[in-house]
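Below is one structure, written out as structure tokens; comments come after it.
Computation of the quantities below employed the complete heavy-atom set of this structure, encompassing side-chain atoms and omitting hydrogens, waters and symmetry-equivalent molecules. So that the names make sense, note that chain A is the first sequence line, chain B the second, and so on, each numbered from 1.
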Protein chains: 2
Amino acid sequence: MSAAPLDPSEHRSGALLDHLARRMRLRSESVLAPLGLRPRHLVALTVLRAGGGISQQALASTLEMDGTNIVGLLNDLEAERLIERRRSPEDRRRHVVELTDDGAKRLSEAECALAGAENEVLGALEPTERETLYELLRRATTGPISCGEAVREETPPDTSC
Amino acid sequence: MSAAPLDPSEHRSGALLDHLARRMRLRSESVLAPLGLRPRHLVALTVLRAGGGISQQALASTLEMDGTNIVGLLNDLEAERLIERRRSPEDRRRHVVELTDDGAKRLSEAECALAGAENEVLGALEPTERETLYELLRRATTGPISCGEAVREETPPDTSC
DNA sequence: TATTGTTATACTCTATAACTATA
DNA sequence: TATAGTTATAGAGTATAACAATA
């Protein structure tokens, strides 16, 4: 009755990633609400901590979000002094976005508060496995795609299967 | 300049998971569209392949989606004969949901078509690392939470940090 | 003219409430 | 009365188009 494919090259992580991310996000929402944050805010703060001082468009490219929605997202964070927008002296059209000290502090508090939610969602994994997962996710998200500036390439017609 | 926490117990995978899942989903959408599927459909089909013959409510619990949205989701899949709804003889209120042969076939085709998207998103990882990631995701999503029937517990006030 | 950021708006996804049928 | 599924509908999330400032 094993209908699942056994060849590792047939394994697709997409659906599992979607499923697990949803479960994590649902629990994160209730944990973050008292801190005045939403999961999306945490993703932005995390990216800005890893590499701040970038334009809104570069942030949009990294997060793969539409630039128009970055505006509202940063408005939220700026209203609570978690990030700062400064006009770039080199190109006055650009806003240079950076994490404030308060932002770094709030992010740490949020990560601390999320420990329980993460323990619940990743309950089936041992501590060393969770660390492995974290490392894989970190490396995957800091790859060339996520750091590119305005990549947005269309998916090539890869029918190699 | 290393502002990131170094203690592994401080590592939180939530934001990275969210970020990576989004990138995967955006690429999956364009790949799945010609097959008449959306990322959400693929998650449901994947869960049903792993363990079909369950009620809509159990499916909702596993996917952690509201039961009302499961209706439309299954309507889509049923319209294309990818799943079947049968009244349970034991409790005629229930619909027993199962993957059809066409559904299993379409799922395989979709997974095949997604190879390119996955290669792009997981480009920073080696093949063995991708297999490790797949295994971790599979085990995490088949844990006691995802298989529970109508768990839906509120997040406990875990302030152990 | 092209680009950055902004606003207004339409579209999709998700959740809440009320209904039908079964138990 | 309580539960499984359905429908209708309002709220949140996201994308598209037009505009202002700057290059």
Side-chain angles (χ1 to χ4, degrees), chain A residues 18-19 21-23 25-30 32-33 36-44 53-79 83-98 149-152 154, chain B residues 18-19 21-23 25-30 32-33 36-44 53-79 83-98 149-152 154:
Chain A
D18 215 334
H19 190 177
R22 161 180 263 275
R23 288 168 55 184
R25 182 167 43 76
L26 287 171
R27 283 165 183 75
S28 298
E29 278 169 358
S30 56
L32 292 175
L37 296 173
R38 290 168 178 275
R40 166 173 339 101
H41 296 139
L42 216 68
V43 177
I54 60 178
S55 70
Q56 292 188 195
Q57 195 181 6
L59 184 61
S61 175
T62 299
L63 294 175
E64 298 205 40
M65 284 180 61
D66 195 282
T68 61
N69 297 319
I70 295 291
V71 176
L73 180 59
L74 293 181
N75 286 349
D76 295 342
L77 298 173
E78 195 176 38
I83 61 104
E84 271 183 0
R85 278 193 264 221
R86 293 181 290 102
R87 283 285 172 191
S88 168
E90 301 166 352
D91 184 343
R92 286 186 47 75
R93 291 173 301 184
R94 290 186 180 174
H95 276 163
V96 174
V97 183
E98 258 171 326
E149 302 226 354
V151 179
R152 283 281 175 180
E154 286 299 317
Chain B
D18 213 335
H19 190 178
R22 163 181 263 274
R23 288 168 55 184
R25 182 167 43 77
L26 287 171
R27 283 164 184 74
S28 297
E29 279 168 359
S30 56
L32 293 175
L37 296 173
R38 290 169 177 273
R40 169 173 340 97
H41 297 140
L42 215 68
V43 176
I54 59 179
S55 69
Q56 293 189 193
Q57 196 180 7
L59 184 61
S61 175
T62 298
L63 294 175
E64 298 206 39
M65 283 179 63
D66 195 284
T68 60
N69 297 320
I70 295 291
V71 176
L73 181 58
L74 293 182
N75 285 349
D76 295 341
L77 297 174
E78 195 177 38
I83 61 106
E84 271 183 0
R85 279 193 262 219
R86 294 180 290 101
R87 282 284 173 191
S88 168
E90 301 166 352
D91 184 343
R92 287 185 46 75
R93 290 173 302 183
R94 290 186 181 174
H95 276 162
V96 175
V97 184
E98 257 170 327
E149 302 226 353
V151 179
R152 283 281 176 180
E154 286 297 318

Grab the [atom1]-[atom2] distance between [X] and [N] for me, whole Å please.
| X | N | atom1 | atom2 | value |
| --- | --- | --- | --- | --- |
| A:R25 | D:dG13 | CZ | P | 10 Å |
| B:D76 | C:dT12 | CG | C1' | 13 Å |
| B:E29 | D:dA15 | CD | P | 8 Å |
| B:N75 | D:dT7 | CG | C1' | 11 Å |
| A:L59 | C:dT4 | CG | P | 14 Å |
| A:L74 | C:dT6 | CG | P | 8 Å |
| A:D66 | C:dT3 | CG | C1' | 15 Å |
| B:M65 | C:dC13 | CE | P | 10 Å |

[X] side chain N/O closer than 4.0 Å to the phosphate oxygens (OP1, OP2) of [N]?
| X | N | answer |
| --- | --- | --- |
| A:R85 | C:dT6 | yes |
| A:R92 | D:dA21 | no |
| A:Q56 | C:dT4 | no |
| B:R87 | C:dA21 | no |
| A:R38 | D:dG13 | yes |

Margin query: Using a strict threshold of under 4.0 Å (side-chain N to carboxylate O), is an ion pair present between A:R27 and B:E64?
Written below: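 Salt bridge flag = yes for A:R27 with B:E64.
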Next item on the list: Enter the distance from A:R40:CZ to A:L63:CG here, rounded to the nearest 0.5 Å.
Entry: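 It is 10.5 Å, given to the nearest 0.5 Å.
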Margin query: If you assign each of B:D91 and A:P89 to its closest nucleotide in DNA chain D, which residue comes earlier from the 5' end?
Written below: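 So the residue in question is B:D91.
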Margin query: Just by distance, no angles: are the side chains of A:R86 and A:H95 close enough, under 3.5 Å, to form a donor-acceptor pair?
Written below: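 On atom types as modelled, these side chains do not qualify, holding no pair under 3.5 Å.
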Notebook entry, point to check: Between B:T68 and B:D66, which heavy-atom pair has the shortest distance, and what is it?
Noted result: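 Nearest heavy atoms, B:T68 then B:D66: OG1-OD1, 2.8 Å.
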Next item on the list: Kindly give the heavy-atom pair with the smallest separation between A:A60 and A:G67, and that separation in Å.
Entry: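 It is CB-CA, 3.9 Å.
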Kindly say whether, by distance alone, the side chain of [X] makes a donor-acceptor pair under 3.5 Å with the base of [N]?
| X | N | answer |
| --- | --- | --- |
| B:T68 | C:dT16 | yes |
| A:N69 | D:dA15 | yes |
| B:R93 | D:dT3 | yes |

